[in-house]
Amino acid sequence: MKDFEKMTAPRGNINAESWFIESYRRHQGHPIKILISLYKGNYHKFVLAVITFFIKHSCVWVLPIVTANIINDVTTSNPNTIRNIIFYVVLESALILINIPMNYLYTSYKSLATRYVETGLRKALVRKLQQLSISYHVETQSGRLQSKIMRDVEAVETLSTQMFLSILNIALNIGVALVVTGTKSKTVLVFFLFAAPVAAITMVSFRNVMRKSNTEFRKEMEETSARVMEMVELVPVTRAHALEDEEVQKISAQLFAVAEKGYRLDVVQALFGSVGWAIFQLFQVVCLAFTGYLAIAGSIQVGDITLYQSYFATVVNQVSAIVTLLPIITKGIESVNSIGEVLLSEDVEKNEGKEQLTDVNGVFDFKNVCFHYKNNTNLVLDHLNLQVKQGETIAFVGESGAGKSTILNMVIGFHMAGEGAVLLDGHDISKVDLRTYRKHLAVVPQTSILFSGTIRENITYGCPNVTEEQLAEVVRAANLTDMVANFPQGLDTMVGEHGGKLSGGQRQRISIARALIRNPKIIVLDEATSALDSISERMIQQAIGNLIKDRTTFIVAHRLSTIRDADKIAVIAGGKCVEYGTYEELMERKGEFYHMKMIQNN
Ligand code: ADP
C-alpha cells in the first residue's frame with residue numbers, strides 16, 4: 001500500500017489534503033478551475049497519457065490511409081505495388097503491436113493521476129468529518145455524508161477522466177480525420193462539416209428517448225427491491241396474521257408493473273436503437289454516394305472512398321460522444337460543488353492554539369449557562385447553575401426534553417455555552433484544547449455502539465497498549481467474565497457474528513468496559529431506558545458502580561438504584577436546575593422530585 005502511495009505521489013512538496021482545501025478556497029464558485037487545481041503535481045502524467053494515447057491510437061488513424069493507398073496502387077497499376085503493400089502491412093502491424101504496451105502505459109498514467117485525486121478527496125473529506133462539530137453531524141443525515149465520500153468523489157473522478165482525456169481523445173480523433181480529409185479534398189471536408197453534426201445530433205436525440213425509459217425502469221426496479229425487502233422483514237407479522245396470500249398478491253402486482261416497464265423498455269430500445277442505427281447507416285450511404293460521384297468525376301482517387309467512409313464514421317461517432325458527455329460533465333460539476341460544501345464548512349471544532357491540559361481533576365462549575373440550538377432560538381438551557389466536586393456523582397432527572405442530554409453534551413464539549421461559562425478545574429472549557437481534555441473523559445451512550453470486530457477490540461478501542469491483566473480486570477469490573485467464558489473464542493469472539501445474540505445488557509457492559517479501560521477522571525453516562533430483567537439490571541448496576549467509583553460522573557438516570565446511589569440529584573425542568581440535593585434531602589423536601597417519585601411508584 002505504501003508503494004502505491006509513492007506511485008501516486010504528486011511532484012513537488014504537496015500535501016494533498018491541505019492543498020485540496022486550499023484549491024477549493026482559492027477557486028470558490030469555479031468548479032473546473034478547482035478540478036484542474038486538484039491535479040497540481042500530476043500534470044506531467046496527463047501529458048504522458050496524451051502522448052501514449054496518440055501513439056496507441058495511431059493504428060486506427062493510419063489504417064484507412066493504408067487501405068486507400070493500397071487500393072489506389074492496385075487500381076492505377078503502380079509498378080511498386082508489391083513493395084508498397086509490404087511496407088504498409090509491416091507499418092500497420094507494427095502500429096497495432098505497439099498498441100498493447102502503449103495502452104498499458106496510457107491507462108496507468110491516467111489511472112495514477114485520477115486515483116490520486118480520488119483518494120485525496122476522500123481522505124480530505126474523512127478528516128473533515130472528524131473535525132466538523134457534532135451539531136453539524138446531528139443536522140446532516142449520515143447517508144448524505146457517506147454519499148459525498150463515495151458517490152460524489154466517483155462522479156468527480158469520472159468528470160476528470162472525461163474532461164481531460166475523453167475530450168482530448170475526441171479532439172484528436174476528429175482533428176486527425178479532418179486534417180487528413182482536408183489535405184486530400186476540400187469538397188469532402190465541407191461535406192463532413194455539414195453532414196457529421198446533423199447525423200450525430202439526430203442519432204443522440206433518439207438515444208435520449210431510450211435513456212428516459214431506462215431511468216423509468218430502474219426506478220421501478222428500485223421500488224420493487226424496497227418492497228421485497230419490506231416483505232421479508234414483515235414475514236413474521238404477515239404469518240402471525242395469516243396474511244400470506246395478500247402479501248403475495250401485493251408483490252406480484254409490483255412484479256407485473258416492473259415486467260411491463262421492462263417490456264416497454266425492450267420495445268422502445270428495439271425501435272429507437274434501430275432508428276439510430278439506420279440514420280447512421282443512411283448517412284454512411286450518402287457519404288458513399290457523394291465520394292463515389294467525386295471519384296467518377298475524377299476529383300478523388302478510387303481508394304480514397306474507403307478512407308472517407310472510415311473517417312466519416314469516426315467524426316459522426318466522436319460528435320455524438322461529445323453530446324453524450326454533457327450530462328456526465330454536469331453531474332461531475334455538481335459533485336465538485338457538493339464536496340466543497342463539506343470541505344469549506346466553517347462549522348468545525350477549533351482546538352489549535354487553545355490551552356492544553358496535562359491533567360484533569362474533574363471539578364465542574366456551570367455559571368449562568370444559556371444555550372440554544374442553531375435552528376431554534378428558544379433557550380434549551382436557561383441560566384443554569386451547577387457545581388460538581390471532584391469524584392462526585394451527579395444524577396440528572398427530569399421530563400423528556402428538559403435539557404438533560406444537552407447538559408451531558410456540554411460536559412463533553414460538543415456544545416458551548418452561548419452565555420455564561422462551563423468551568424473545568426477553573427478553566428473555561430471553550431478555551432481548552434478539547435482533545436487534551438477528552439483523554440481524561442469516557443462516555444457511555446444510551447445505545448451502545450459496537451463496531452464490527454472482536455469483543456477485545458471493542459473494549460480496547462483507542463487504547464493500544466493494554467496488558468492482559470488490565471483487560472482481565474476491566475472485564476471483571478464490567479461483569480463480563482461469565483459472558484466471555486461462555487464464548488468458545490472468549491474475548492476474540494467477533495461482535496458481528498454474535499452481535500445479534502448479544503443482549504442489550506451485554507452490549508451495555510461492553511460499553512462500560514470500554515469506558516473503564518481508559519481509566520478516566522470524568523464519566524458521562526446516559527442510562528439506557530429499556531427495561532431489563534432483574535439479573536441483567538443488577539449486573540449493569542454493579543458494573544456502573546465499579547465505573548463511577550472515585551470519578552466525577554454525570555448521569556442521566558432512569559434507574560432508581562442509580563438515583564439513590566448518586567451523591568447529588570439535579571432535577572432539570574425547562575433548562576434550569578429546579579432542585580438539587582441528596583436523595584434523602586429531596587424526598588424530605590416533598591418538592592418536584594418527591595412528586596416524580598410518587599407518580600412513578602403508583
Ligand atoms: P432531554 O435529554 O432532557 O430529553 P434534550 O437535552 O435532548 O432533553 O433536549 C432539550 C430540548 O432541546 C428539547 O426541546 C429538544 O427538542 C431540543 N433539542 C435537542 N436536540 C436538538 C437539536 N439538535 N436541534 C434542535 N433542538 C434540539
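In this text the structure is predicted, and so the values were computed from the model without any measurement. Both ligands and their constituent atoms are indexed starting at 1 by order of listing.
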ask   = Does at least one non-hydrogen atom of Glu399 fall below 4.0 angstrom from an atom of ligand 1?
value = yes
For this session: For the residue pair Ser338 and Asp152, confirm or rule out a side-chain donor-acceptor distance under 3.5 Å.
Result: yes
Q.
Before we go on, tell me: are the rings of Tyr583 and Phe593 under 6.0 Å apart, centre to centre?
A. yes
request  = State if Asn375 counts as touching ligand 1 under the rule of any non-hydrogen atom under 4.0 Å.
outcome  = yes
Problem set entry | Lys331 atom NZ, over 12 foreign heavy atoms within 6.0 Å | no
(Q) Check this for me: does any side-chain nitrogen of one of Arg26 and Glu22 sit under 4.0 Å from a carboxylate oxygen of the other? (A) yes
Near Lys404 (heavy-atom distance under 4.0 Å), the atoms of ligand 1 are 1 (P), 2 (O), 3 (O), 4 (O), 6 (O), 8 (O)
Of all protein heavy atoms, the one nearest atom 14 (O) of ligand 1 is Gly401 O, 3.9 Å
Logged contact type for Val556 with ligand 1, heavy-atom cut-off 4.0 Å, is neither
among protein heavy atoms, the one nearest atom 2 (O) of ligand 1 is Ser405 OG, 2.5 Å
Does OH belonging to Tyr461 count more than 12 external heavy atoms closer than 6.0 Å? no
Heavy-atom count around Asp359 CG within 6.0 Å, excluding the residue itself: above 12? yes
With side chains defined as the heavy atoms from C-beta onward, is the minimum distance between Ile339 and Leu121 less than 4.5 Å?
yes
When distances are taken from atom 8 (O) of ligand 1, the protein heavy atom at minimum range is Gly403 N, 3.2 Å
In this structure, atom 5 (P) of ligand 1 is nearest to the protein heavy atom Thr406 OG1, 3.6 Å
**Report entry** Contact (N/O only, under 3.5 Å) between Val380 and ligand 1
**Finding:** no
Ranked by distance from atom 18 (N) of ligand 1, the top protein heavy atom is Tyr373 CE1, 3.3 Å
Exercise. Given the protein's heavy atoms, is any one of them under 4.0 Å from atom 16 (O) of ligand 1?
Worked result: no
